[in-house]
2 protein chains.
Amino acid sequence: MEKNLLLPALPGEMLAHLETPCIVIDMDQTRKNIRKMQDMADGAGCALRPHIKTHKMGLFARMQIEAGAKGITCAKISEAEVMAAAGIDDIFVAYPLAGEFRFRRAAELGKKLRRLILGVDSIPGARALNAAAAEAGVRFEVRMEIDTGARRTGISQERMIDLARYITEQPCLDLTGIYTFKSLVYRGAATTDAALAAQEEGEYMAAVAERLAEAGIPVTDISAGSTPTAAGVAGTELVTEIRPGTYIFNDYMLYREGAASTGEISAFFYATVVSTPEKGYAVIDGGTKTFPMDIMLNTPPYHYPSYAVVDGREDLVLTRMNEEHGMLTALKGDTGLEPGQILRLIPIHICTAINMQNRVYLYDNGILTVQNVDARGMLA
Amino acid sequence: MEKNLLLPALPGEMLAHLETPCIVIDMDQTRKNIRKMQDMADGAGCALRPHIKTHKMGLFARMQIEAGAKGITCAKISEAEVMAAAGIDDIFVAYPLAGEFRFRRAAELGKKLRRLILGVDSIPGARALNAAAAEAGVRFEVRMEIDTGARRTGISQERMIDLARYITEQPCLDLTGIYTFKSLVYRGAATTDAALAAQEEGEYMAAVAERLAEAGIPVTDISAGSTPTAAGVAGTELVTEIRPGTYIFNDYMLYREGAASTGEISAFFYATVVSTPEKGYAVIDGGTKTFPMDIMLNTPPYHYPSYAVVDGREDLVLTRMNEEHGMLTALKGDTGLEPGQILRLIPIHICTAINMQNRVYLYDNGILTVQNVDARGMLA
């Protein structure tokens with residue numbers, strides 16, 4: 001990690017061109033991150049279907065496909081529409097669709113793609129989706145979402161056979177797979193075990209597929225894995241596909257979880273010091289409209305949370321924010337900062353950070369360009 | 001406040017057209033909110049310069065000007081550029097500028113406006129701003145920011161005379177006023193006294209102006225006031241201008257602070273239930289990329305924070321979010337919700353909520369239209 005505040009990774013002459021507060025993506029390291037995950041998946045004989053919610057840009061989706069990804073994963077129909085317009089033709093919307101407007105847009109989108117897969121996790125959801133498909137005169141390929149412990153969407157163990165059977169009974173739905181989002185297991189105060197989580201995830205999903213087969217409902221696609229567990233889940237050889245997203249840029253949360261080194265983080269904030277009212281704190285030109293309020297998992301309540309990590313200055317903590325003000329507190333009593341100085345900050349969670357920007361900078365071999373975040377802030 | 005979940009304020013046939021998760025702005029109530037604040041300011045003989053960071057849309061800035069506002073306030077040069085393009089010609093960027101790129105853009109913007117005022121709160125900032133003005137061959141009208149207790153930007157009592165003198169010595173800067181952001185006073189656990197805060201704010205700023213006059217540095221504009229303190233500060237007749245922003249829509253935070261009634265809240269989230277895995281919780285189609293993580297001030301650590309208030313259902317709490325998943329917990333054990341149901345939610349803090357959307361819906365006399373959030377998510 002860059003250790004000298006006055007020598008950020010970006011050359012000085014580049015810094016002068018940055019309009020802060022902003023996000024700069026290091027393309028060279030990003031390509032390495034894409035390559036590393038693809039090589040791992042290929043080595044394990046597991047398909048990689050990256051989740052694009054992290055970057056939301058057609059440019060990076062195409063890079064992932066060109067590197068060997070089987071297709072992409074989206075969370076929203078609106079994201080999938082943007083990716084389709086960018087030339088991606090195999091998209092899994094890993095989210096249980098609800099709402100007539102989504103069904104209509106999904107039916108239209110399906111006609112444009114080589115393959116569109118939708119998520120289903122409830123009988124009412126399956127019923128509505130099938131009715132919409134029938135009305136639009138299309139068929140939907142679907143995967144059933146399984147809850148493996150995240151306790152958000154996903155069907156429970158008790159009800160999954162009934163749901164699978166119900167889906168197969170719908171004339172316009174084709175059930176081809178199952179998927180889950182489990183991520184890490186948090187046991188106790190701050191213990192997280194990616195290997196354990198990955199093993200549990202793979203075994204659980206394989207067991208589900210087996211139960212479905214016994215019930216006469218075979219599925220071909222078993223999809224799991226997030227960035228922290230991707231290698232572990234693929235390594236179990238119990239799933240056919242992984243869907244990591246954050247690995248393309250990585251962030252401080254993944255570093256702290258042991259899923260990435262600081263050198264593998266390829267997206268950074270740059271902010272300008274605007275005011276130093278006292279030695280003890282400085283104000284930078286970004287607040288809650290720039291830095292997400294996600295804080296490190298397991299941050300004890302009695303600790304100051306830092307909403308971003310000031311690169312090379314562990315003595316500075318982003319403790320408080322207003323909309324366009326970020327208050328950097330000096331743990332040693334003196335920030336040593338002056339108005340006009342530019343700081344590089346490491347995102348805690350890059351996915352929500354990029355979603356707040358209309359545009360990001362791309363830094364590639366000494367050249368700085370501006371790129372629109374194509375699918376950010378969209379409805380549906 | 002709407003009490004029946006199945007009868008949201010928006011007519012049923014309108015709900016069917018909404019693409020969730022989204023924000024809907026009630027134009028009729030918004031006009032009343034604009035009128036009420038303007039009438040209050042006019043009655044107190046105080047200029048109103050609304051802060052547009054809440055709405056970030058030229059449409060609403062024009063409505064505020066047409067209602068009688070003297071000009072508008074922005075936090076960023078990029079916001080001011082968008083407002084200038086929308087026809088607003090009197091803009092105060094109430095933020096201490098830093099960074100060559102901002103100075104350049106400010107100089108260009110100044111040439112297009114009838115009046116541009118910039119914030120200054122430090123000697124290095126004033127020096128850099130003057131140098132940039134000289135280089136661009138322009139003059140900048142500036143106001144000195146005073147810290148009245150918010151402890152973010154703003155010069156302290158001890159150093160303000162020196163700064164004011166330094167500014168007046170800069171050949172390309174015209175110091176015409178002072179401004180502050182104080183907002184409420186929080187005394188003890190959960191006590192907030194708007195009247196006390198407003199009185200303190202007015203008296204403090206008047207005292208600063210008097211000290212400056214005694215030092216031979218008279219200023220004509222004394223600007224203060226946020227939505228909770230606007231009426232109180234104007235009522236002191238000690239300031240010449242107020243800069244409230246959130247009053248145009250209001251939100252649950254302002255309601256809890258006693259600054260607005262629930263009937264005066266004119267912007268709402270609408271979200272669709274996507275999954276009900278258990279009786280005890282339901283998942284809606286918005287998470288941290290839809291609902292800001294601002295929680296109620298003074299929420300005790302042992303309470304569940306709710307990231308939005310489910311209108312008419314105080315037994316439902318938005319306790320946990322992922323990027324596109326919002327987990328609604330039923331305090332009484334059963335959400336009673338089904339996939340496909342649409343909920344209306346009251347924003348805790350509307351300013352950060354609108355900033356996450358590319359577009360919002362406007363509801364006006366039975367007609368629903370889509371409006372771009374012109375200045376959201378911008379650099380600089």
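Chain letters run A, B, ... following the sequence lines, proteins first and then strands; every chain starts at 1.
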Interface moiety of [X] toward chain B, non-hydrogen atoms closer than 4.5 Å:
X	value
A:Ala128	neither
A:Glu100	neither
A:Glu158	neither
A:Met378	both
A:Leu18	backbone
A:Ser156	neither
A:Glu323	side chain
A:Val373	neither
A:Ala150	backbone
A:Val283	side chain
A:Pro124	side chain
A:Ile155	neither
A:Arg104	side chain

- [ ] State which residues pass salt bridge (Lys or Arg N to Asp or Glu O under 4.0 Å) with B:Glu145; sequence neighbours excluded, sorted by chain then number.
- [x]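 B:Glu145: no salt bridge (Lys or Arg N to Asp or Glu O under 4.0 Å) contacts found.
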Heavy-atom distance under 4.5 Å to chain A: side chain of [X], backbone, both or neither?
X	answer
B:Thr276	backbone
B:Ile284	backbone
B:Phe103	neither

Highest number of heavy-atom pairs under 4.5 Å with chain A: which of [options]?
options	answer
B:Met321, B:Met293, B:Met327	B:Met293
B:Asn355, B:Asp147, B:Thr272	B:Asn355
B:His349, B:Glu338, B:Glu324	B:Glu324

Task: Centroid-centroid distance, B:His17 to A:Phe101, less than 6.0 Å - done: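 Aromatic pair excluded; centres sit 6.0 Å or further apart.
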Task: Heavy-atom donor-acceptor pair, B:Arg102 side chain to A:Glu19 backbone, under 3.5 Å - done: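 Not at all, since once roles are kept as given, no pair shorter than 3.5 Å links the two residues.
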TODO: Name the member of A:Asp294, A:Ile23, A:Leu97, A:Thr20 that forms the most heavy-atom pairs with chain B at distances under 4.5 Å.
DONE: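 Sorted descending by pairs with chain B, the first entry is A:Thr20.
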Where do [X] and [Y] come nearest, in terms of heavy atoms and distance?
X	Y	value
B:Gly340	A:Ala98	N-CB, 4.2 Å
B:Val274	A:Pro96	CB-O, 3.7 Å
B:Arg152	A:Arg320	N-NH2, 4.3 Å
A:Ser275	B:Gly154	OG-N, 4.4 Å

When you compare the side chain of [Y] with that of [X], does any pair of heavy atoms fall below 4.5 Å?
X	Y	answer
A:Asp285	B:Lys76	no
B:Leu379	A:Gln357	yes
B:Arg151	A:Glu278	yes

Open item on the list: I'd like to know whether CZ of B:Arg359 has more than 12 heavy-atom contacts from other residues, nucleotides or ligands below 6.0 angstrom.
Closed with: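 Counting other residues, nucleotides and ligands, CZ of B:Arg359 stays at 12 neighbours or fewer.
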Open item on the list: Quick check for you: to the nearest 0.5 Å, what is the distance between A:Lys289 atom NZ and B:Lys53 atom NZ?
Closed with: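 Rounded to the nearest 0.5 Å, the NZ-NZ separation comes out at 6.0 Å.
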